[in-house]
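Structure first, commentary second.
First the proteins, then the strands, lettered A, B, ... as listed; each starts at 1. Side chains included, hydrogens not; waters and symmetry mates left out as well; all remaining heavy atoms used. This is a predicted model, so every value here is computed, not measured.
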There are 2 protein chains.
Amino acid sequence: MTAASATPRQRRPYAARVPIAERREQLLDAALAIIVRDGYDAISVDAIAREAGVTRPVVYGAYDGLRPLLEALLDRQQERALAQLAEALPPEPDLTDPDRLVAETAHRLIDVVRGDPMTWRPILFAPFGMPEQVQARIETDRQNFLTQVTGLLEVGLVLRGGPKVDAEVTAHAILAVLEHFGRILLAEPERFSTERLVGTLTTLLGALR
Amino acid sequence: MTAASATPRQRRPYAARVPIAERREQLLDAALAIIVRDGYDAISVDAIAREAGVTRPVVYGAYDGLRPLLEALLDRQQERALAQLAEALPPEPDLTDPDRLVAETAHRLIDVVRGDPMTWRPILFAPFGMPEQVQARIETDRQNFLTQVTGLLEVGLVLRGGPKVDAEVTAHAILAVLEHFGRILLAEPERFSTERLVGTLTTLLGALR
DNA sequence: ACCAATTACTACACATGTGTAGCAATCTTG
DNA sequence: CAAGATTGCTACACATGTGTAGTAATTGGT
């Protein structure tokens, strides 16, 4: 047995002891980091534990498994995203100058995305290929936003004297452009400056008569 | 041992014997079906074998593993998609009537997507969250298409007397709209008819002055 | 400085997927 | 209709991930 005791499998050093609430946040951060860095396929309780520098039972102590953890992450990120969106959207839209309104709103939206890529990258880049639950959640928020845009469009286009268009389909188109701008912004931040993107939007909008 | 022989683990009935080339196609079909039905996360050699009604060694006989198989699938689907695209794009664009040209091209593109959802669903719905290699491939094709559109835009907008815009960013916007239309088309075919989508495009384009 | 509560770790049983060696069935050709 | 070639199946060893019981370290209050 003396030979066996030569390698006493030294115990892993204890990770810092942390109250459970804080640990939960830390685990969500770890999960998000994995998603952003390695993609959704790489997520597992094991990977999250490794990323956070703890062992799996610690994760199971904080959440009842991968599904609930991701659910919590989704809650948190959704809350963050919606809060940032609410801050970027104008509280009292000044409909007397719609073009300016759109330009400034777009500018703020772009800054929001640029300011918190960890939150927006997964939302903009991976709405598909994710668990159904996640997709459904994002889709609901999208629909809400879409409805708002559709409403604004209907009012705005009339006030502004634009063409008569299918407001719903147009809202889809606008949202698609905004989302894609968010993506190319995150992918090549220096190539697609805020000014360039807002400028194009402004020009296109201004040409709509 | 008599008790054990009561359940002689009856041999699995042999799957139809198939020459290797045909088997390969069949396996690619099985993989595609899984991706469309259950998402990329559900892909494994095991799942493909099950889907095709054979055992894993059969898969390993046809391909050297999951990676090469998916590579082959990517090749095939890319070829199909590009062929369909080439057929839908006008060989000799009639630049004297750009609006009409755009409308008819859009119409054909929509029909192409509607006509082969198995091919287009993964391309339109899952460019992200997929293996890097796949993303890279799709991104390359996108860039090509983007370059073409950018070129057409530069010529077309001048001939047509449209506004002076950033052609590259505008091309991104157009492509984003087309892709999103493809998605909502596949998601709710009856809600978003071809006419509705093309109509909106035509109206918006007509209003650009 | 100690003890109890809290928190973290080890170790195990199980599940699913990978890749391969060796055997069994089927098909083809003479 | 009988080999031989071809194709498919079974069974195994291994790898990675899940979830949990039991044990050990840490920490805050006395």
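- Atom CG in A:Leu69 sits roughly 14 Å away from atom C1' in D:dT18 (whole-Å rounding).
- At whole-Å resolution of the value, OH in A:Tyr63 and P in D:dT18 are 16 Å apart.
- For the residue pair B:Glu22 and B:Gln26, no side-chain donor N or O sits within less than 3.5 Å of a side-chain acceptor on the partner.
- At least one side-chain nitrogen or oxygen of B:Arg50 sits closer than 4.0 Å to the OP1 or OP2 atom of C:dG17.
- When rounded to the nearest whole Å, the span between CD1 of A:Ile43 and C1' of D:dT16 equals 16 Å.
- Distance CG (B:Asp41) to P (C:dT16): 17 Å, rounded to an integer number of Å.
- Rounded to a whole Å, the CG atom of B:Leu70 is 11 Å from the P atom of C:dT18.
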**Fill in**
In 5'-to-3' order, the base (B), backbone-only (S) or no-contact (-) status of each nucleotide in nucleotides 19-30 of chain D, using a 4.0 angstrom heavy-atom cut-off, is BB---BBBS---
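- With no hydrogens or angles considered, a side-chain donor-acceptor pair links B:Arg114 and B:Thr194 at under 3.5 Å.
- B:Ile20 has its CD1 atom 17 Å from the P atom of C:dC27, to the nearest Å.
- Tested against A:Arg108 for a side-chain contact (heavy atoms from CB on, under 4.5 Å), the candidates A:Val112, A:Thr105, A:Asp111 yield a single pass: A:Thr105.
- Under a 3.5 Å cut-off, the side chain of B:Arg24 and the backbone N or O of B:Ala62 do form a donor-acceptor pair.
- When the C1' atom of C:dT26 is taken as reference, atom CZ of B:Arg12 falls 16 Å away, rounded to whole Å.
- The distance between atom CG of B:Asp46 and atom P of C:dA15, rounded to the nearest whole Å, is 15 Å.
- Every salt bridge (charged side-chain N to carboxylate O under 4.0 Å, His left out) that A:Arg196 has, sequence neighbours left out, goes to B:Asp166, B:Glu168.
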**Request:** Please step through salt bridge (charged side-chain N to carboxylate O under 4.0 Å, His left out) for the pair B:Glu71 and B:Arg137, ending with a clear verdict.
**Result:** CA-CA 10 Å; B:Glu71 182 90 5; B:Arg137 194 88 75 91; 3.5 Å; yes
